[in-house]
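Data block below; observations after.
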Amino acid sequence: KMAWVTLLAASTARYTSSVAVQIAQIRQFSDHPHYTLVTENVAESEVQFLSQFDTTIVHVKSIKPPFGIKNPVWQNVLTKFLVFDKSNYAPEVQRVVYMDYDAFPLNSKAVGLIDGGRCS
């Protein structure tokens, strides 16, 4: 079994809307499940908004870096590793394709990422 996964680590309408667009784009080309990992930094209203789309919401705890990171954009970079700990959200999944919240597949060739083929 294969799945698409994204991480939402901040609570803004722009980020949440981007995830909704990502889900819609994926659904045009793929029937594989989509998971959205959300951290404690995401407001419940944003989680509720996403719950109306074809994704499974998974609550995760942010992994804070043990070293100083000044730029807030990078504060959740280690949290992305949770995408590959499928035992916490989808133990039956064998392969995941992680997409940043603002990445969107543009055509059916993207399905090659998840089906083990090539995108070109």
Side-chain angles (χ1 to χ4, degrees):
K1 188 173 176 181
M2 298 157 250
W4 303 91
V5 184
T6 194
L7 171 69
L8 186 60
S11 195
T12 71
R14 180 175 57 111
Y15 295 169
T16 307
S17 296
S18 293
V19 172
V21 171
Q22 180 186 94
I23 296 163
Q25 284 294 111
I26 286 172
R27 284 296 155 249
Q28 290 186 40
F29 314 115
S30 175
D31 291 330
H32 296 298
H34 184 280
Y35 293 87
T36 303
L37 279 56
V38 297
T39 68
E40 65 277 3
N41 302 323
V42 178
E44 186 58 31
S45 60
E46 302 295 321
V47 173
Q48 289 301 317
F49 173 76
L50 283 176
S51 68
Q52 65 186 318
F53 297 94
D54 189 13
T55 188
T56 300
I57 306 291
V58 181
H59 294 271
V60 297
K61 186 171 170 33
S62 294
I63 299 175
K64 298 299 179 197
F67 44 85
I69 294 180
K70 303 264 192 264
N71 188 333
V73 172
W74 297 102
Q75 287 295 317
N76 287 297
V77 71
L78 295 178
T79 307
K80 290 180 183 182
F81 285 120
L82 295 176
V83 166
F84 303 102
D85 185 8
K86 299 172 301 216
S87 64
N88 284 330
Y89 64 92
E92 72 283 359
V93 171
Q94 298 168 342
R95 182 181 301 155
V96 298
V97 171
Y98 170 76
M99 296 184 77
D100 272 333
Y101 71 89
D102 57 352
F104 315 105
L106 299 177
N107 59 47
S108 61
K109 291 180 182 179
V111 176
L113 288 168
I114 202 163
D115 288 337
R118 300 175 76 180
C119 292
S120 57

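When reading the values below, keep in mind they use all heavy atoms of this one structure, side chains included, and skip hydrogens, waters and symmetry mates. The chain is numbered in sequence order, starting from 1.
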Please give me the minimum heavy-atom distance between [X] and [Y], naming the atom from each residue.
| X | Y | answer |
| --- | --- | --- |
| Ser11 | Ala43 | OG-N, 2.9 Å |
| Ala9 | Asn41 | O-CB, 3.2 Å |
| Lys1 | Pro33 | CE-CG, 3.7 Å |
| Pro66 | Leu78 | CD-CD1, 4.0 Å |

Applying a strict under-4.5 Å side-chain criterion to I, L, V, M, F, W and Y, I'd like to know whether [X] and [Y] cluster together.
| X | Y | value |
| --- | --- | --- |
| Tyr35 | Leu7 | yes |
| Leu8 | Val77 | no |
| Leu37 | Val42 | no |
| Leu106 | Phe29 | no |
| Leu50 | Val58 | no |

Subject >> CA sep, side-chain torsions, deciding dist, call: Val5, Lys86, side chain to side chain contact (heavy atoms under 4.5 Å, CB included) >> reply: CA-CA 10 Å; Val5 184; Lys86 299 172 301 216; over 6 Å; no
Look only at the side chain of [X] and the backbone of [Y], and say whether a donor-acceptor pair between them is shorter than 3.5 Å.
| X | Y | result |
| --- | --- | --- |
| Thr79 | Ile63 | yes |
| Thr6 | Met99 | yes |
| Tyr89 | Val83 | yes |
| Gln28 | Gln25 | no |

Original post:
Between Glu40 and Val60, is any pair of side-chain heavy atoms under 4.5 Å apart?
Top reply: no
Original post:
Can you list the steps and then say if Ser51 with Gln48 is a side chain to side chain contact (heavy atoms under 4.5 Å, CB included)?
Top reply: CA-CA 5 Å; Ser51 68; Gln48 289 301 317; 3.9 Å; yes
Taking only distance into account, with no hydrogens and no angle test, what donor-acceptor pairs under 3.5 Å do side-chain atoms of residues 16-23 form with protein atoms, sequence neighbours excluded?
from	atom 1	to	atom 2	distance (Å)
Thr16	OG1	Thr12	O	3.0
Thr16	OG1	Glu46	OE1	2.5
Ser17	OG	Ala13	O	2.8
Ser18	OG	Arg14	O	3.0
Gln22	OE1	His34	NE2	2.9
Gln22	NE2	Asp100	O	2.8
Gln22	NE2	Ala103	O	3.0

**OP:** With sequence neighbours excluded, tell me which residues meet side-chain hydrogen bond (donor to acceptor under 3.5 Å, both in side chains) with Asn88.
**Re:** Asp85
Subject >> Residues that Tyr15 engages under ring pair (Phe, Tyr, Trp, His ring centres under 6.0 Å), provided they are two or more places apart >> reply: Tyr101
